[in-house]
Amino acid sequence: MSDTWERVQLASARIPFRIKTGAVWIALFAFLGFVGSSAGFDLQWIQDNMRYIAGGLRYTMYTALGGIALAVVMALLGALARISRNPVANGIAGFYVSFFRGTPLIVQMFLLYLALPPVGRNLAAKYDWLPEGFADWFLLDVMTAGIIALGLNYGAYMTEIFRAGIQSVAAGQGEAADALGMTYLQKMRKVVLPQALRVIIPPTGNEFIAMMKDTALVSFLGTTVDTMEIFRRAQLVGKHDFKNLEAYVAVALLYWALTVLFTYFQARLERRLGRGYDRSHVVKLAEASLRQRRAAGPA
Amino acid sequence: MTGTSTDVVVRIEGLHKSFGHLEVVKGVDLDVHRGEVVVVFGRSGSGKSTVLRCVNFIEDPTEGSIEVAGIRLGGGHRTRRKREQIRQLRLHVGMVFQQFNLFPNMTVLDNVTCAPRMAGKGSETEIAQRAKDLLDRVGLADKAREHPARLSGGQQQRVAIARALAMEPDVMLFDEPTSALDPELTGEVLSVMKTLSTEMHMTMMVVTHEMGFAREVADRMAFFHEGRILEEGPPSELIASPRYAETRAFLEAVL
């Protein structure tokens with residue numbers, strides 16, 4: 001018995017690890033497929049409805065891209081303020097980060113979408129010197145409110161990522177820029193931030209991927225029919241046809257595919273940013289010359 | 001000290017520097033004249049690097065003042081006006097660091113051109129031409145398009161020298177420029193520094209333990225001990241017949 005097991009292990013050791021993990025994946029999919037088909041999983045329904053559900057992808061992406069764009073701006077300003085010695089900037093940034101990290105995202109969404117409009121209305125009623133139409137300034141449509149809430153919330157978390165990234169740049173870099181008579185802005189823009197970016201981008205990619213999934217929360221604000229993102233669409237058609245299993249599996253697969261896709265792009269970007277830092281080319285050069293020397297004559 | 005005050009490029013007066021409760025520099029006065037090479041040496045912790053870093057306000061003096069090219073400044077809180085004055089002073093001072101501190105996100109050429117471009121020192125073609133001339137002078141014209149990570153330590157330090165020179169400073173500060181280099185690479189950096197003095201008549205303050213370089217290039221040497229200048233004089237005197245036992249002990253250790 002133990003002899004056989006030993007032989008299995010030795011045989012297995014000859015198969016590349018990636019092939020083996022791949023086989024495990026295939027087995028897991030097969031198992032899930034088997035469970036699904038036994039449970040009456042309606043593949044045809046998914047085929048019929050996928051087009052409609054996937055039609056919400058553009059709104060999911062708009063929301064996520066808008067949210068991450070705002071979050072990056074907030075994180076950059078927040079991080080610069082957090083490391084600044086200016087008490088006003090520092091205080092505002094600390095307040096911002098504390099509030100948006102200290103309250104749930106869904107609460108922030110409702111605050112922006114439902115709780116803010118009365119503020120505009122009441123202020124406009126009380127102070128007549130406010131500009132005309134002030135009451136409507138805080139009336140946001142669902143997608144805008146969702147984007148702002150996501151951007152502010154993720155921006156608060158990313159403030160710490162950006163701050164750490166900026167502080168990870170060697171002190172000597174800032175000193176060299178100072179010694180060359182650069183202004184603070186020149187130093188940040190040309191020297192510190194480009195180097196901090198290498199540290200900032202990988203976790204920012206993770207935040208973007210996380211945000212893509214959190215766009216599903218926007219549907220709780222009651223998305224209107226013309227801007228429904230994928231989760232809301234799946235929910236609607238699933239409920240309508242009593243196909244909840246199929247609908248949620250379909251939308252889960254869509255989010256999963258998006259995540260895999262963006263993880264791939266993120267990895268590529270990271271590699272691109274690594275240029276100018278890695279010395280792997282030196283190793284390659286050394287190896288090449290070694291090969292040449294070996295080819296030139298017997299050792 | 002001969003010469004009128006107009007040839008003084010750097011004047012350090014009553015300089016004190018403390019880090020918290022630790023006083024590192026305890027009253028230093030030093031004038032550096034135009035074209036002069038002053039070598040500063042002493043044990044680590046004697047305050048020599050700190051003095052150098054105070055000259056261009058990378059460290060803020062606790063007491064005393066620094067005057068460079070007619071701009072006289074003391075330490076203290078950095079208001080907006082003060083920050084701009086410090087920046088103006090720095091435009092007259094080039095600095096070369098122990099760890100090179102080249103910008104890894106730029107090519108060698110961009111390292112040399114970025115500061116003059118930001119400061120608006122000449123047209124784009126002038127800046128590029130000057131950078132090429134300087135890289136040629138330090139023997140690295142063929143590396144202009146490379147990234148610093150591809151260069152050896154000695155090459156990186158020579159680029160750092162070119163980068164500082166591109167701002168056409170009145171004085172160059174060298175903070176242990178060869179201490180981070182492998183022994184076989186120090187020669188190329190020291191010889192470039194020597195040509196700055198002999199060919200460009202550059203005013204230089206050099207913190208180094210390279211006594212061979214000091215003997216050959218320095219006009220004056222200052223020995224730092226416990227935050228003060230214990231003695232100073234031309235290398236011929238100071239190296240051959242130091243007056244203090246501390247100086248003698250240190251020289252015996254490094255020679």
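Lettering follows sequence order; numbering is per chain, from 1.
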*Let me know if B:Met118 has heavy atoms under 4.5 Å from chain A in its side chain, its backbone, both or neither.*
both

*A:Met182 versus B:Cys114: any side-chain heavy-atom pair under 4.5 Å?*
yes

*Looking only at atom types and distance, does a side-chain atom of B:Asn101 sit under 3.5 Å from a main-chain N or O of A:Gly172, one as donor and one as acceptor?*
yes

_Closest non-hydrogen atom pair, A:Ala179 against B:Ile58_ = CB-CD1, 4.1 Å

*Take atom CD in A:Glu132; do more than 12 heavy atoms of anything else shown fall under 6.0 Å from it?*
no

*Take atom CZ of A:Arg189 as the centre, draw a 6.0 Å sphere, and report whether it contains more than 12 heavy atoms from other residues, nucleotides or ligands.*
no

Side-chain donor-acceptor pairs under 3.5 Å in residues 70-77 of chain A, sequence neighbours left out?
none

*Taking atom CG of B:Asp175 and atom CD of A:Glu175, what is their separation to the nearest 0.5 Å?*
9.0 Å

*Does A:Phe99 CZ have over 12 foreign heavy atoms under 6.0 Å away?*
yes

*asked:* For a quick test of reading the model, state the closest non-hydrogen atom pair linking B:Asn105 to A:Val191 and the distance between them.
replied: ND2-O, 4.1 Å

*Determine whether more than 12 heavy atoms belonging to other residues, nucleotides or ligands lie under 6.0 Å from atom NZ of A:Lys190.*
no

*Quick one: what part of A:Ala170 sits under 4.5 Å from any heavy atom of chain B, side chain, backbone, both or neither?*
neither

*In residues 73-97 of chain B, which residues are in contact with chain A at a heavy-atom separation under 4.5 Å?*
B:Arg87, B:Arg90, B:Leu91, B:Val93, B:Met95, B:Phe97

